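One-based numbering, in listed order, for ligands and for the atoms of each. Given the structure is predicted, the values throughout are model-derived calculations rather than measurements.
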Amino acid sequence: MEKIKQDGSTNIAIPELSEEIAGLGEIALNLWWTWNPRGKGLFELLNPYLWKESGQNPIEMLKKIHKEELQNLCKNENFMREYRYVRALFKQYMNDKTVYSEEEPLPIAYFCAEYGLHHSIPIYSGGLGFLAGDILKESSDMGLPMVGIGFMYPEGYVRQVIGSDGWQNGANETIDKDTAPIERVLDKDGNHLTIQIPFIDPPVFATIWKINVGRVTLYLLDTDIDQNDPWDRQISSHLYTPDIHQRLRQQIVLGIGGYRVLEVLGVKYSILHLNEGHPAFALFERVRTLIENEKIGLEDALERVRTTSIFTTHTPLQAATDVYSFDMMSHYFGDYWKRLGMDKEQFMRFGLNPDAPQSGFNMTVFGLKMCDHINAVSKKHCEVTKEIWKNVFDQADTASVPIDYVTNGVHLPTWLGDELFEELDRALGENWSHMQAEPDLWLRIQDLSDHKIWNLHYIYKVRMVNFIRELVRRKWADEGIDPLVAMAEGVMLDPDILTIGFARRMTGYKRPDLILHDLDRLDRIINNFERPVQIIFAGKAHPSDNPGKKILQRIFKAAQDPRFRGRIAFVEDYGESLAKYLVRGCDVWLNNPVLPMEACGTSGIKASINGTLHCSSLDGWWPEGYNGENGWAFGGDVSNDEADAAALYDTIEQKIVPLYYTLDEQKRPGGWIRMMKEAMVSVSPVFSARRMMKDYLNKFYIPASRIVRNMEKTS
Ligand SMILES: *Cc1c(COP(=O)(O)O)cnc(C)c1O
């Protein structure tokens, strides 16, 4: 029997727990535990073996654990003490009403097509999703009034399986709704809340789920339900479906349907924040509800929406935006524009790209035209963004293009290793989290002994290698893979040698195989007898990106090549869990995109805060982050494979290898450790999600809130 909670939601997964430990269910159903070492520790204490087996999924674990074992735990004083302590921490967190902002913003509704929160909820594909996830987590930590809207993708996640020929074969993985930390949102009759997406004919329905991200709630729309016919059920089945009709329908459901969810649930918000163009139809729906519910005119409604909406753009290429033909748009929006009091031409003008006026309705252009508050995701990306969209703003000069930037940051408690996090509690004081954006605080890292830093790093490195080997061992044991494949996937990795990591999407502009440009030179670097180097690759190619799959195959072949002696590895199925091992366990984090295509490149931040040194061309966040002593920069202003590869080899041979292998009297690489500390000190405060949210507050949320407050005063 499902227990319905006070807020009218219910979970289908958590088994009945006895009174003494009922709080475990509540903690398991709030992602707060994922970024609190004590929270994770509590579940591990419950049953370390099951914890590992369940892939650190507390719900799966609670379902598997024996009833008697749980009863015994209730009598175990150690466990109960820790349980009560963690429960108290959780309560304190949830009840804290402090808002960590100089001025309180009005409630913000955040829309994104994907969220990277935890591997038990596979509704993400990459960087965009992790940014959205980190924004919700940090908003929770800061007490910001935010609510998230997204999609439940029943088959969202494409599990990467690589054949012995190095070709990527995708396998769709279905979300296990029975072990995911999700809850049904119920209507007043106790049924799973279902909404109808306005203006799609024949009608499409979606049910609503929710995820607790600390104090922030994320609502997800799910079209995979009986009321819909098979074609409609699949609207939300895959992220970024390549079928252009499904894609448009997906974005209608996300934007207009998502907006509908807020209305139906009576969720209060004043500000809309759209992360990328996919959910931008929410802007029209907001105009429509203002016109129909508040009886204001079109111009006033547009003005209200513009002044209180924020649009974040991520791509540095016009070609990478979503464009829908006018015919397709007319098919779905023929009635809709009448409701807005517009004619077809007026309506279409909102998505008209002056550089390609015949191409159709452009979602990014629409976002740019409908929001007064626009940002790119790094300073350099901002310059590029202004250049490519200047005609949308009728500006010849980029300086007058009204686009600002908020450089991405990462949620430190999520991406820092637990032991390092606990070390920071000691070094920076228990309250460091609330001062994390203050650079001076981090100088205390310099007080940590070399011994401590190096030991921690070594632990992470060994853990990473063990994790990778265990993945391969299982694959070998289960499927009997070829030993050469096992070697290519990392069984030969050695925690005692210099390790370079490259983990990101396998796609042309990221140039994953740049380091393979001159195999003879690479051979000399890797097989240097006294100072060997190993390289770990990971990353997925988009299922329809064949050139990306070819790059992956080339890397896999190199990993199988005996001349590299097991020192190149390609690890399958890059995702949240593997990323955490890699960004902490590698020594060097490599990034070598074609300039200026990397809008930010957030994984390099995750590496740097853990002391994994960033070696990157000057793109994305790195021109802001690099200070000459916290990593390496290489390559020219204009990308050239030949020259960039040579510059990379030079950097590795002349700077990286000698620094790593020059040991001090304690047999530690003192110079390297100094650089690790410098990376942590200089990157952590400035590229934390806290600093990022402060920027969003000061640049956008607070000014928009003031506008709303003024409007309320004068009306
Ligand atoms: C952080 C992260 C990303 C985004 O980082 P990039 O540097 O843009 O690749 C992608 N995938 C995973 C799993 C991540 O953790």
Identify, by atom number and element, the atoms of ligand 1 in contact range of [X], meaning under 4.0 Å from any of its heavy atoms.
| X | answer |
| --- | --- |
| G601 | 7 (O), 8 (O) |
| G575 | 13 (C) |
| W415 | 15 (O) |
| A579 | 13 (C), 15 (O) |

>> Please compare H314, R504, R505 and report which has the shortest non-hydrogen distance to atom 9 (O) of ligand 1.
In response: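 Of the listed residues, R504 has the closest heavy atom.
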> When you measure from atom 15 (O) of ligand 1 to each heavy atom in E576, K606, H119, K510, which option holds the nearest one?
Replying inline: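 Nearest option to atom 15 (O) of ligand 1, by heavy atoms: K606.
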Could you tell me the residue and atom name of the protein heavy atom closest to [atom], and the distance to it rounded to 0.1 Å?
| atom | answer |
| --- | --- |
| atom 13 (C) of ligand 1 | F130 CE1, 3.4 Å |
| atom 6 (P) of ligand 1 | S603 OG, 3.6 Å |
| atom 4 (C) of ligand 1 | G127 CA, 3.4 Å |
| atom 11 (N) of ligand 1 | Y574 CE2, 3.6 Å |

> Does a side-chain N-to-carboxylate-O contact under 4.0 Å join D545 and K540?
Replying inline: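 Looking at D545 and K540, the cut-off is not met.
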Measuring centre to centre across the rings, with the benzene-like ring taken for any Trp, is [X] within less than 6.0 Å of [Y]?
| X | Y | result |
| --- | --- | --- |
| W35 | H118 | no |
| W432 | F421 | yes |
| F634 | W622 | no |
| W672 | H457 | no |

>> Check this for me - ligand 1, E598, N or O atoms closer than 3.5 angstrom, yes or no?
In response: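 No, no N or O pair falls under 3.5 Å.
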>> Evaluate Q160 against E572 for side chain to side chain donor-acceptor pair (under 3.5 Å), listing each step before the verdict.
In response: CA-CA 6 Å; Q160 182 187 47; E572 238 174 32; over 6 Å; no
Taking distance alone, no hydrogens or angles, what donor-acceptor pairs closer than 3.5 Å link side-chain atoms of residues 273-280 to residues at least two apart or in another chain?
{"from": "H273", "atom 1": "ND1", "to": "Y701", "atom 2": "OH", "distance (Å)": "2.7"}
{"from": "H273", "atom 1": "NE2", "to": "T312", "atom 2": "OG1", "distance (Å)": "2.7"}
{"from": "N275", "atom 1": "OD1", "to": "H314", "atom 2": "NE2", "distance (Å)": "2.7"}
{"from": "N275", "atom 1": "ND2", "to": "Y110", "atom 2": "OH", "distance (Å)": "3.2"}
{"from": "E276", "atom 1": "OE2", "to": "H314", "atom 2": "N", "distance (Å)": "3.1"}

>> Ring of F467, cation from R469 - is the NZ or CZ under 6.0 Å from the centre and inside 45° of the axis?
In response: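 No, R469 does not sit over the ring of F467.
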